There are 2 protein chains.
Amino acid sequence: MAPLSIPRLVKTPIETQAATALRASIVAGDIPAGQRITEIEIAGQMGLSRATVRAALHQLAREGLLTLVPYTGWTVMSLSAQDAWELYTLRSAIERLAAQLVAAAIGDPGKADRLREAYERLVSACKRGHAGRIAEADFGLHQAIIALADHRRLTEQYALLEQQIRVYIRSSDALLPNPNMVIAQHKPIVAAILAGDAEEAGALSEQHNLTEGRRLADHLRAVERRAADAQQGAALSQPSRQNRRARA
Amino acid sequence: MAPLSIPRLVKTPIETQAATALRASIVAGDIPAGQRITEIEIAGQMGLSRATVRAALHQLAREGLLTLVPYTGWTVMSLSAQDAWELYTLRSAIERLAAQLVAAAIGDPGKADRLREAYERLVSACKRGHAGRIAEADFGLHQAIIALADHRRLTEQYALLEQQIRVYIRSSDALLPNPNMVIAQHKPIVAAILAGDAEEAGALSEQHNLTEGRRLADHLRAVERRAADAQQGAALSQPSRQNRRARA
DNA sequence: TTATTGCCGATTGTCGCCAATCGTCAATCA
DNA sequence: TGATTGACGATTGGCGACAATCGGCAATAA
């Protein structure tokens, strides 16, 4: 039979859809880091049974976005400086591999174009100067390199890290990007990949992530220290009390 | 109160225990790759409800050990040459990072000793010559390096990869290790880490995994080709039929 | 007054039931 | 005879109910 233009519709289980929706809420910051959530509450809001929501929550826990304390509750993960260090060192190692792979296979039809496109988007975003757009195009370029590596497990692993990094950036009010610096940092990486120089591409990519990560981790460490000092001062007068039931 | 010698017993949900048991069965090869399994069957064998088993199966699916076809069934993953390539390239990138981190922090108390211990175990296993023991000690050394990196996410990620690699090796009847070669490959890595040379340790570790991975992937590719040829010959006379209901 | 113990609400853990969907095979019709 | 369609068994998808466990509070006793 001739292939009519009937779309092949995807059959996504509700529990997967629930996981996707929750993930989006967390990554977007709608559900703040550290927030305590309950299965019943989510089930009620989404119009699903607890068991279904539960499966979705477990999935997000596996992705590192939630933590579950048995018989007690779920909590949206909140990231420490140590977490930031872990995220960026891992990301650096993975992107190094991706950059090497892409550089080695840059001859494949279309690959060079796709990479150039992503880079152009970043450049134009930087010229406009809108911080949010720049960050998004930045993520986009990195993601393009990952996708071009044609490596399923690497792609999945990277997606997990990226989610957590987004949460981290959102929750820590991270430093704004300097447009010119962003371009300067990414340009040589893209150039090395396009030139097919795997060694150089990998090294540059690794270095980029490590410096960026260190910068953010230092920032967060400073924030943590300030918070700890403030807490210490208030600790004697104000008894600590668990922050339960905070959502409307 | 004085800390009496009452053990702090762990409260593990049954679903986690079920996942652990199933994982062990799969990694050990008791449930062969490609095997089709059903929730009802597992639930019956373990004396649990389907919902509980289901949660465990989903966990293993997230770990990459099972695949779920909606409304149809669960299948133990079976690895292709492409999978082997993915596993070893990723492992190489992650172990490189781990080796660098450990080398940079080899001064921490106890670290050098723990590394030396793992290495000694590998050496003595090689001298005995028992293939299974050598492979186990090999995994043990790599695992020790990972653990010494003090990097939670790296450790978790590595555990996932190692599981899959074990399944792969088990299912592909991989080539036996040559005792002398095993020692020769690992000795310089350990030496570089102990010397605190992060750069060298990382490079050696990476190289070790890449060569090992290429060797195994090539082997598997050859097996695949043979299997494809054999299938082609039999395809005309023997109509393909799905292999359902195979367990006793 | 103060430390201990028992109680209670809240939340997750587990279970059995019914619905939705898949692959297969037989019944049907040109 | 051959292709299409309907029906059937098997399996996962989703749900509500009950059990286990947790944290905190109040009753109790020294």
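To find a chain, count down the sequence lines: A is the first, B the second, and so on, and within it residues start at 1. Owing to the predicted nature of the structure, the values given are computational and were not obtained by experimental measurement.
- Taking atom CD of residue A/Glu15 and atom C1' of nucleotide C/dA20, one finds them 14 Å apart after rounding to whole Å.
- Of the side-chain N and O atoms in A/Arg50, none sit less than 4.0 angstrom from OP1 or OP2 of D/dC15.
- Ranking D/dG13, C/dT14, D/dC15 by closeness to the B/His58 side chain, first place goes to D/dG13.
- The A/Tyr71 side chain lies nearest to D/dT21 when the options are D/dT21, D/dT11, D/dG14.
- Straight-line distance from the CZ atom of A/Arg54 to the C1' atom of D/dG16: 15 Å, rounded to whole Å.
- Considering CD of A/Glu156 and CG of A/Leu161, their distance stands at 12.0 Å, rounded to 0.5 Å.
- Ring geometry, B/Trp74 versus B/His58: the interplanar angle exceeds 60°, so the pair is classed perpendicular (tilted spans 30 to 60°).
- Atom P of nucleotide C/dG16 and atom CD1 of B/Ile14 are separated by 13 Å, given to the nearest angstrom.
- Rounded to an integer number of Å, the gap from B/Ile40 CD1 to C/dC15 P is 15 Å.
- Here the options are B/Arg91, B/His142, B/Gln143, the test is side-chain hydrogen bond (donor to acceptor under 3.5 Å, both in side chains), and the partner is B/Glu162; only B/Gln143 passes.
- Checked against D/dG14, D/dT12, C/dT14, the side chain of B/Thr52 finds its nearest nucleotide in C/dT14.
- Between the P atom of C/dT14 and the CG atom of B/Leu57 lies a distance of 14 Å, rounded to the nearest Å.
- The side chain of A/Leu68 approaches C/dG13 more closely than any other nucleotide in the set D/dT12, D/dG14, C/dG13.
- With hydrogens and angles left out, the side-chain atoms of B/Gln82 and A/Arg152 include no donor and acceptor closer than 3.5 Å.
- Residues A/Trp85 and A/Arg214 have side chains not in contact (no heavy-atom distance under 4.5 Å, counting atoms from C-beta outward).
- Note: CG (A/Leu48) to C1' (D/dC15) measures 10 Å, nearest angstrom.
- The distance between atom CD of A/Glu39 and atom P of C/dT11, rounded to the nearest whole Å, is 10 Å.
- Considering only side-chain N and O atoms, B/Thr72 lies nowhere under 4.0 angstrom from the phosphate OP1 or OP2 of C/dC22.
- Checking B/Val69 against A/Trp74, the closest nucleotide of DNA chain C that is more toward the 5' end is the one next to A/Trp74.
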